[in-house]
Amino acid sequence: MPELPEVETSRRGIDPHICGRSILEVRVRQPQLRWPVSPEIINGLTGQRFLRTDRRGKYLLLYTESGCVILHLGMSGSVRIVDNSQEPRKHDHVDFVFSDGVILRYHDPRRFGCILWSKFPVEEHELLRDLGPEPLSDAFGADYLYERSRGRKTPIKSFIMDSHVVVGVGNIYANESLFMAGIRPQAAAGSVSRARYQALTGHIKAVIARAIEVGGTTLRDFVGGDGKPGYFQQSLLVYGRGGEPCKSCGSLLKEIRQNQRASVYCPSCQR
DNA sequence: AAATCTCCCTGTAGGC
DNA sequence: TGCCTACAGGGAGATT
């Protein structure tokens, strides 16, 4: 599943190939994603160019002179750069066809992603308007989480995965960072101390920053390859390891479900 | 307001 | 081997 580092790695991978090139055509083989592909994208982009790219949470933003494509990869989505000699494969739903035979190809087997159009200012689009701060920004830190969490009884794992609190902390990083901070995922967010939020935010920032660095080493994969950035290489401490021994103390890791999501933790290291 | 539930979809894994 | 079913999961929207 694409986490924030993969989205950022995708953005960096496609940016130099699509910016400045004329859009000849947008080919949509399957418009039914999470929401239908915006008609403005299917019909209205010909002759325009992407000027720059950006990212907000896990949303990729592709700016033209008249507006902005909002693209989300969902659970199984990917984008890559191919040339016009490469036939689309199964689940290659959308092609942005540029001059010089360059194609930005969107692939998404489960179709939980979306490709939407927004006029300026895109920050006021309803999908982006109420999002929390970026995890790597200075606005996100122990003081912020501490203040936001007072009075909240929701489990801390649900709290840090809430995109209105902070963007880009998916299930994998929530599990991993809570383990590193020694906090049980069930703990009420409002009862976690400032000091523990200090540890937690530090680990969230570190794990995401490191994953972006690792992804950067595999940028070449975005051109003609399978579009898979390198976060798969990273070793996971708890995620997917329920029932296996804790890498720190050897206790058996517990797996529970919170909000229909798997949570794995060490009953000894996390309190 | 906050917490919880539902739904979208298909590849994969497990059972027989 | 192959068929069948259960299930995972980001995140918005509905419901409690």
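Everything numeric in this text was worked out from a predicted model, so none of it was measured. So that the names make sense, note that chain A is the first sequence line, chain B the second, and so on, each numbered from 1.
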Taking the minimum atom-to-atom distance to the side chain of A:P155, which one of B:dT4, C:dG11, C:dG9 wins?
B:dT4
Does the ring of A:F112 lie flat against the base of B:dC8, closer than 5.5 Å centre to centre with planes under 30°?
yes
Check for me whether A:R194 meets the cation-pi criterion with A:Y146, that is, NZ or CZ under 6.0 Å from the six-membered ring centre and within 45 degrees of the ring axis.
yes
For A:G250 and A:P245, work out which heavy atoms get closest and say how close.
O-CB, 3.6 Å
Please round to 10 degrees the angle between the axis of the first five pairs and the axis of the last five pairs in the helix from B:dA2-C:dT16 to B:dC16-C:dG2.
50°
Is atom CZ of A:R56 surrounded by more than 12 heavy atoms (other residues, nucleotides or ligands) closer than 6.0 Å?
yes
Test: A:E8 and A:R55 ion pair at under 4.0 Å:
yes
For A:L33 and for A:K90, find the nucleotide of DNA chain B with the closest heavy atom, then tell me which residue's nucleotide is more 5'.
A:L33
Minimal non-hydrogen separation, A:R29 against A:D95, with atom names:
NH2-OD1, 2.9 Å
Output the rounded distance in Å from CG (A:D162) to C1' (B:dT4).
13 Å
Given side chains that start at C-beta, do those of A:W117 and A:V69 come closer than 4.5 Å, heavy atoms only?
yes
Using a cut-off of less than 4.0 Å, is there contact between a side-chain N or O of A:H91 and OP1 or OP2 of B:dT10?
no
Sidechain N-carboxylate O distance under 4.0 Å for A:E213, A:R210
no
Using atom names, set out every protein N or O paired with an N or O of nucleotides 12-16 of chain C below 3.5 Å, distance rounded to 0.1 Å.
unit_1	atom_1	unit_2	atom_2	d
C:dA12	OP1	A:Y59	OH	2.7
C:dA12	O4'	A:R34	NH2	3.2

Counting only N and O atoms by type, is there a donor-acceptor contact under 3.5 Å from the side chain of A:D162 to the main-chain atoms of A:K157?
no
Could you tell me whether the phosphate oxygens of C:dG9, OP1 or OP2, come under 4.0 Å of any side-chain nitrogen or oxygen in A:Y239?
yes
Once you round it to whole Å, what is the distance between P of C:dA8 and CG of A:N171?
11 Å
Please give, in whole Å, the distance from B:dA2 P to A:D130 CG?
13 Å
Grab the CG-P distance between A:D108 and B:dC8 for me, whole Å please.
16 Å
Whole angstroms only, please: what is the CD-P distance between A:Q186 and B:dA3?
16 Å
Separation of atom CG in A:L60 from atom P in C:dG10, rounded to whole Å
17 Å
For DNA chain C, which residues in residues 252-263 of chain A have a heavy atom at a distance below 4.0 Å?
A:R257, A:R261, A:A262
Taking only Lys NZ, Arg NE, NH1 and NH2, and the carboxylate oxygens of Asp or Glu, determine whether A:R21 and A:D100 approach each other closer than 4.0 Å.
yes
dist A:M161:CE -> A:L178:CG (nearest 0.5 Å) comes out at 10.0 Å
Return no unless some side-chain N or O of A:K58 is found under 4.0 Å from OP1 or OP2 of C:dG11.
yes
Rounding to 0.5 Å, atoms CD (A:Q258) and OG1 (A:T154) come to a distance of 8.5 Å
Does A:T154 or A:R111 map to a spot on DNA chain B nearer the 5' end, using the closest nucleotide for each?
A:T154
Are the charged groups of A:E25 and A:R27 less than 4.0 angstrom apart, N to O?
yes
